[in-house]
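Below is one structure; the comments refer to it alone.
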4 protein chains.
Amino acid sequence: MVTELLDQDVPARAGRPRDPRLDDAIVAATLALLEERGYAGLSFTAVATHAGTTKPAIYRRWSSKRDLVLEAVFRTQGDDVVANTGDLDADMRTMVRWSLEKLGSPVGRAALAGLLAEPPGTAGTPTDQLTLVWRRMDERFREAIERGEIRQGLDTSSLIVMQAGAAMLATALYGESAIDDTWVERIAGMILDGVRGDRG
Amino acid sequence: MVTELLDQDVPARAGRPRDPRLDDAIVAATLALLEERGYAGLSFTAVATHAGTTKPAIYRRWSSKRDLVLEAVFRTQGDDVVANTGDLDADMRTMVRWSLEKLGSPVGRAALAGLLAEPPGTAGTPTDQLTLVWRRMDERFREAIERGEIRQGLDTSSLIVMQAGAAMLATALYGESAIDDTWVERIAGMILDGVRGDRG
Amino acid sequence: MVTELLDQDVPARAGRPRDPRLDDAIVAATLALLEERGYAGLSFTAVATHAGTTKPAIYRRWSSKRDLVLEAVFRTQGDDVVANTGDLDADMRTMVRWSLEKLGSPVGRAALAGLLAEPPGTAGTPTDQLTLVWRRMDERFREAIERGEIRQGLDTSSLIVMQAGAAMLATALYGESAIDDTWVERIAGMILDGVRGDRG
Amino acid sequence: MVTELLDQDVPARAGRPRDPRLDDAIVAATLALLEERGYAGLSFTAVATHAGTTKPAIYRRWSSKRDLVLEAVFRTQGDDVVANTGDLDADMRTMVRWSLEKLGSPVGRAALAGLLAEPPGTAGTPTDQLTLVWRRMDERFREAIERGEIRQGLDTSSLIVMQAGAAMLATALYGESAIDDTWVERIAGMILDGVRGDRG
DNA sequence: TGATAAGCGAGACGGTACGTCCGGTCTTGAG
DNA sequence: CTCAAGACCGGACGTACCGTCTCGCTTATCA
């Protein structure tokens with residue numbers, strides 16, 4: 001189909017439209033401040049000043065610090081994580097590396113902090129981008145099962161939380177600098193070693 | 001050996017001694033509020049009111065929300081994690097279960113949030129109790145290497161962050177209720193499967 | 001004369017306007033607490049609680065306890081002290097009575113305390129309302145000189161401080177209950193006796 | 001009685017006696033700080049530091065800031081106000097001058113502030129030294145009545161509060177520098193003019 | 001002479017109040 | 001309906017100080 005464009009059903013609301021440059025400026029300011037001061041040190045007031053706008057303009061777009069941070073951090077297109085080259089070992093390393101970058105970096109830490117700080121009732125709901133990525137990882141593991149690369153009956157979600165959790169915790173505990181490519185290979189290898197299809 | 005370690009031989013500092021009941025009341029109030037409102041919703045003011053004391057009394061004991069939360073959450077004696085029965089599979093499950101309890105519970109989430117919310121420079125330094133537990137886990141894994149239960153040359157710290165990270169992330173994503181004993185066995189099994197000594 | 005002074009033609013400043021009910025509540029709370037506990041026992045915290053608002057709301061309006069108390073106490077329109085009926089004796093009694101009410105009452109005491117407690121450099125600057133009243137008294141005395149009711153060359157400000165000071169000190173020393181109409185007549189009479197025009 | 005001395009019934013209490021040098025040091029520090037920062041700016045902590053002692057040592061002697069200030073300010077022997085030379089005009093000026101010095105000086109202001117700031121119930125009770133002086137003034141006026149220098153039936157206490165109140169208020173309003181000997185003569189003259197015996 | 005008692009400097013404690021920051025809301029005036 | 005500008009309300013912050021208490025010691029009176 002040709003007229004497949006216009007993936008925006010935006011009903012063209014009345015009134016002055018939002019200034020799209022503000023969205024970018026706010027996100028950029030958020031990331032910069034997050035990197036500099038962490039989640040606890042981030043304030044709407046500071047973001048507004050840094051982005052050259054005002055608090056109400058931010059509140060019109062995001063209703064809380066948590067939402068702002070999550071979107072700013074996980075804005076990734078998600079496509080760049082593909083991790084499906086056919087080589088499971090390589091793909092696993094890519095996933096671990098992605099987890100490290102996203103969860104282990106200062107802004108990732110901040111996003112997690114925002115997620116965890118919420119009141120207990122308000123569980124998961126990470127954010128669409130993040131779940132998208134995890135869905136892709138999940139698909140890759142299911143494919144590996146089909147291909148016989150790893151054992152049948154495995155819980156694929158466990159594979160995800162193992163590698164992502166390890167990445168998160170390792171940077172939180174040992175610092176970013178302590179985690180390098182060797183670490184990535186080690187973790188990827190240890191996990192895959194436990195699930196190889198050629199084992200049973 | 002006598003090891004008559006005479007109760008620390010406190011040097012009897014000058015000044016009025018602290019009221020020990022306040023320590024307990026503050027910690028109890030912190031845990032209660034953490035469970036109810038999460039890390040973000042915790043304030044020194046509220047803790048003070050709930051504990052029947054005042055903010056300065058808390059600040060004299062803990063210099064920040066992070067410190068207060070970490071100590072309140074990880075006050076465990078540490079001894080109850082032993083996890084050294086000789087049966088590696090059982091011990092691994094115990095460790096995972098401990099991680100789940102400590103990191104996956106509402107208060108555990110809150111403690112992690114506090115850890116992660118800090119500005120980037122201020123890395124790990126979790127808290128003495130937590131590192132104590134991890135040291136014990138580490139010792140158990142080294143022992144397993146010596147006994148040939150798991151392969152030589154393994155990085156024991158990776159084993160720790162894998163199981164603890166998985167526990168943490170799984171509860172954060174799927175909620176406490178979704179994580180049960182089956183999950184514990186699965187994770188413990190998957191990790192050990194990748195490192196068994198009888199494999200090489 | 002039209003004098004349609006159109007209510008100040010407020011320039012409609014930017015930003016949210018103040019809640020006028022808070023002004024009243026704060027002043028009322030201040031007077032109530034002043035009457036109950038005196039100047040020393042008055043705190044911004046207590047005023048805020050009693051007025052059902054918060055400290056910042058008070059600080060936005062008055063920058064110090066002294067300012068708050070002075071305005072709360074001397075909010076009088078000033079017009080009700082007229083004291084110019086043509087009968088000097090009666091007018092003098094009216095002035096003395098006003099001084100008693102304003103300076104001798106519990107809240108008046110408190111206002112004076114606030115005035116006097118300031119560091120030495122920060123002299124008088126009583127408050128606009130108070131100086132307004134004194135200016136009116138001054139005018140009345142000057143008129144009396146012109147009419148020959150009292151001697152020429154008199155320092156009118158001395159007349160003011162004598163009656164006001166006496167009122168203030170008498171209540172401070174003997175208590176409000178000890179000061180009645182007889183006292184007012186006596187003081188008014190003694191002062192006027194010393195300055196009558198028919199004397200020279 | 002001759003052996004009128006020994007106005008000390010001190011029962012020679014047990015325990016270590018108080019260090020008399022501390023009394024003086026504390027009073028001196030109080031006056032110095034009062035002059036420098038006013039009543040509101042005076043703190044026990046500062047007095048203790050300035051006097052080279054500690055807070056408990058001060059609290060053992062005076063139970064409140066008010067008590068400390070009043071005693072420090074009105075410690076006068078009282079004898080030096082004599083004001084009884086036989087010349088009523090001169091004596092009156094002496095009294096006014098004394099009032100000015102004691103009530104109008106920075107420390108006097110501070111003492112008054114302390115007096116007035118108390119909760120309403122806690123009325124007068126100035127301090128023994130101050131009432132002593134006022135009693136002497138009172139005696140002088142009664143004598144003047146007996147001698148026929150001033151009219152009979154006058155309320156002597158009114159004469160006192162008039163001159164003292166005027167002195168207090170004048171310095172509070174116009175500042176110390178604005179009040180000089182001319183002012184003293186004027187006030188003394190105006191009061192006496194109203195009460196001379198040769199008038200009736 | 002030894003016991004008792006109150007004083008001392010030092011210094012931390014529990015708690016009141018302070019003065020400020022900032023999160024979230026609201027208003028104006030313009031686009 | 002948005003924008004910038006900006007003030008508002010109120011929750012919470014981190015700190016200063018008050019008045020009290022405990023310590024280890026000193027200095028007196030009393031037994």
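Lettering of chains follows the sequences in order, A, B, ..., and the numbering in each one begins at 1.
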What's the CD1-C1' distance between B/Ile26 and E/dG15, to the nearest Å? 12 Å
Atom CD1 of C/Ile58 and atom P of E/dG19 are separated, to the nearest Å, by 11 Å
Could you state the atom-to-atom distance from CG of C/Asp23 to P of F/dC8 in whole Å? 10 Å
Side-chain heavy atoms of B/Val73 within contact of B/Leu34, under 4.5 Å: yes
Rounded to whole angstrom units, what separation is found between the CH2 atom of D/Trp62 and the C1' atom of F/dT20? 19 Å
Expected output: side-chain C/Arg18 to main-chain C/Arg60 donor-acceptor under 3.5 Å: yes
Interatomic distance where CZ belongs to D/Phe44 and C1' belongs to E/dG9 [whole Å]: 18 Å
Check: C/Leu68 and C/Ile26 side chains under 4.5 Å, non-hydrogen atoms: yes
Does D/Trp62 reach the side chain of D/Leu70, with side-chain heavy atoms less than 4.5 Å apart? no
Using atom CG of B/Leu68 as one end and atom C1' of F/dC13 as the other, report the distance to the nearest whole Å. 15 Å
Shortest non-hydrogen separation from D/Ala48 to D/Lys55 and the atoms involved: CB-N, 3.7 Å
So, applying salt bridge (charged side-chain N to carboxylate O under 4.0 Å, His left out) with D/Arg61, which one of D/Asp23, D/Asp67, D/Asp24 is it? D/Asp23
Using a 4.0 Å heavy-atom cut-off, does C/Arg21 contact any base of the nucleic acid, only the sugar-phosphate backbone, or nothing at all? nothing
Below 3.5 Å between N/O atoms, which protein atoms pair up with nucleotides 10-12 of chain E? Just atom names and distances, please.
residue : atom : partner : partner atom : Å
E/dG11  : N2   : B/Arg16 : N            : 3.2

Please state how far atom NZ in B/Lys65 lies from atom P in F/dG14, giving the value in whole angstrom units. 9 Å
So does B/Leu42 get a backbone contact from the side chain of B/Lys65, meaning a donor-acceptor N/O pair under 3.5 Å? yes
Between A/Arg61 and D/Tyr59, whichever has its closest DNA chain F nucleotide further toward 5' is A/Arg61
Nearest-angstrom distance from the residue atom CG of C/Asp67 to P of E/dG19: 12 Å
For A/Thr45 and for C/Thr45, find the nucleotide of DNA chain E with the closest heavy atom, then tell me which residue's nucleotide is more 5'. C/Thr45
Nearest-nucleotide 5' precedence on DNA chain F, C/Asp19 against B/Ser43: C/Asp19
